[in-house]
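Each chain gets a letter, A, B and so on, in the order its sequence line appears, and its residues count up from 1. Side chains included, hydrogens not; waters and symmetry mates left out as well; all remaining heavy atoms used. Note that the coordinates shown come from a computational prediction; the quantities given were computed from them, not determined experimentally.
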Protein chains: 2
Amino acid sequence: MSPTAPGRRGPRARRVTLADVAARAHVDPSVVSKVVSGDPSLRIRPETRRRVLAAIRDTGYRPNALARSLRSARSGMLGMFVPDFTDAASARIVAGAETAAAELGMLLVTGSNTGPGLRRYVELLGRGRIDGLLLVRDEQGSGVLGELERSGVPWLLLDLAGGQARRHVVPDDERAAALAVTHLRSLGHRRIAQLPARRAGGTHGHGATAMRAFLRRGSQATAVIVPDVVAATGALAALRAVGRSVPGDLSVVALRDLPPAADLTPPLTAVRTPFGDLGRRGVELLVRTGADRPVAEVVSTGVRLVERGSTGPPR
Amino acid sequence: MSPTAPGRRGPRARRVTLADVAARAHVDPSVVSKVVSGDPSLRIRPETRRRVLAAIRDTGYRPNALARSLRSARSGMLGMFVPDFTDAASARIVAGAETAAAELGMLLVTGSNTGPGLRRYVELLGRGRIDGLLLVRDEQGSGVLGELERSGVPWLLLDLAGGQARRHVVPDDERAAALAVTHLRSLGHRRIAQLPARRAGGTHGHGATAMRAFLRRGSQATAVIVPDVVAATGALAALRAVGRSVPGDLSVVALRDLPPAADLTPPLTAVRTPFGDLGRRGVELLVRTGADRPVAEVVSTGVRLVERGSTGPPR
DNA sequence: GTGAAAGCGCTAACAC
DNA sequence: GTGTTAGCGCTTTCAC
């Protein structure tokens, strides 16, 4: 419970600054600064250090992040722009990125394309506020990136290979597809179809449409690979609508496994894509490599098939 | 501690400052400042303003957000701490909050409890970096909130009523339950059971367990209300396991509708909870009301029943 | 109408 | 070992 009830809080305590701490410990502000930020080049008498630490504790000093960033020209924040927070893949990428950032002592400033868009987001960010920008599946049509680059802010595109710039990290979709094929072959399938993927990610309607097209074509395939779970729900619905059973009449594997897969009927066999690792890797690369070097990484860790109920031997 | 600095600025990209713009426009920096921030008390000759604007355009000046915040003691950022980004309800709350924030010219710094926790998050934030903190469904056990309050940072709890502090905004769960009951009664149900809710939100296992307990009890109820969709998937699975059909043998309504509901078998009738509005309202209240006033708002807009396939007349 | 001066709170180079 | 000196880039009186 919070000790001070909001209504009865006393007058706001004057903020404690470095100078206050220094005065109390009878040392110079710069010494306190070095103690606080753990400067390794500082050689200080244990007794002095103790005094400083005591003063910090007594005063309840907390560094002003703004002043620190302004002076040191590093904000300790990373921008992250996603298409939509409610998109499950984006959520996982954000989660991975946030963890990696925290491990590096950094924080994430998020924005999404359901808001006023990338251009405005970068404007609001202003100069100096972020040390780098992570873009999830963004078509980077606007000149924002070039502008960013000119002001020295490194950026990285996640989950989408980005043209000639070669600043991206993507999941290993080929490996995922290969895993799906291997699985289906091992069940005895010889004719395997793949429904087309969309760069932006599938929708329910898109999956249904693609499946109907597949059906209309009169394909001989006994198994089909769907680019993602959302598209798969559409495909499954289309199949159900024409009375085809899964996996009896047709086996279905989805790529890019996400939670709803397990709750579908039948539960969907899918290949897991390491979205969290994508975010994590993005943060690490963004922080470690400069703005000028190309980055083109494929994340393969943790890609694996999760067998559920939508695949079986061909009839 | 101190992260490796990403992307050092290119050699010729010396940052443009207010002073540069001022020099170019032959005015004082303070005048430029006022023009940029749209100070209404500024009376300036149209011709001078034009010169300033031109200088801004020519130099590609962008204000340094850090310096501005340091000086004005407002950061234009809000902290948002959620249990887990991959939790669909949290994702919606974040989405709503981000939109509202952007409309107010503010930005969100996010953190989640899957990382190193609230205490560390607030530590990383440091002083001055946020103008307020939004906590989603956090048990606020630690003394972090009191500490925050002492340094004058207002906070608000979302989606959980928080003890005596009365600083929260929550969805109208009573109205939601009432809607569910009305719907079931109109179908002819007279005995309606409600599965217990958990403060932290249900899990698949929790829903299954609760449903088995309900079954074991030999209840005469012909319809049951489940606290959320995740719990409902568990409940549905438990029902399927004992061969009871939905809605034939038992009607099921979930509260707090979320996407997977439509893809379940049968598609789940559920009451929509306005998670996005919760986030939006949280931001608005946090920004408008001071740290000292109690806030206890119930968001009822947009609560409504979405009829899908899991409810029908009692047999 | 515009300018001058004084910092916001901190860090970094260098002095002693 | 610890202190001095300069700002980082901006806003805000207040002066003229």
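B/E103 and B/R280 are joined by a salt bridge, as a carboxylate oxygen and a charged side-chain nitrogen come within less than 4.0 angstrom of each other.
Place B/I44 and A/R62 on DNA chain C by their nearest nucleotides, and B/I44 ends up nearer the 5' end. In this structure, B/D28 and B/L66 both approach DNA chain D, and ranking their closest nucleotides by distance from the 5' end singles out B/L66. Comparing B/L42 and B/L70, the nucleotide of DNA chain C nearest to each residue sits closer to the 5' end for B/L42.
One atom, OH of A/Y61, and another, P of C/dG9, lie 10 Å apart when rounded to the nearest Å. B/R129 places its CZ atom 14 Å from the C1' atom of C/dG9, with the value rounded to the nearest Å. Going from atom CG of B/D39 over to atom C1' of C/dG1 covers 13 Å, rounded to whole Å. The separation between B/R50 atom CZ and C/dG1 atom P is 15 Å, rounded to whole Å. Spacing between atom CZ of B/R68 and atom P of D/dC8 amounts to 18 Å, rounded to whole angstrom units. In this structure, A/R74 places its CZ atom 16 Å from P of C/dC10, rounding to the nearest Å. In this structure, the NE2 atom of A/H26 is 14 Å from the P atom of D/dT2, given to the nearest Å.
Of the candidates D/dG9, D/dC14, C/dT11, the closest approach to any side-chain atom of B/K34 belongs to D/dC14. For A/V31, whose side chain is taken as the heavy atoms from C-beta onward, the closest listed nucleotide among D/dG3, D/dC10, C/dG9 is D/dG3.
B/T59 and B/D20 share no side-chain donor-acceptor pair at under 3.5 Å. Inspection of the B/S37 and B/D39 side chains reveals no N or O donor paired with an N or O acceptor under 3.5 Å. B/T114 and B/D84 are not linked by any side-chain donor-acceptor pair at a separation below 3.5 angstrom, with hydrogens and angles left out of the test.
At the phosphate of C/dT2, neither OP1 nor OP2 sits under 4.0 Å from any side-chain N or O atom of B/R43. Between A/R71 and C/dA12, a side-chain N or O to OP1/OP2 separation shorter than 4.0 Å is absent. For B/S30 and C/dG3, the shortest distance from a side-chain N or O to OP1 or OP2 is not below 4.0 Å. Put simply, A/R45 has no side-chain N or O that comes within less than 4.0 Å of OP1 or OP2 on D/dG1.
Side-chain to base pairing of A/T48 with D/dT2: no donor and acceptor N or O lie closer than 3.5 Å to each other.
Side-chain contact between B/F81 and B/D138: present, with at least one pair of heavy atoms (C-beta onward) separated by less than 4.5 Å.
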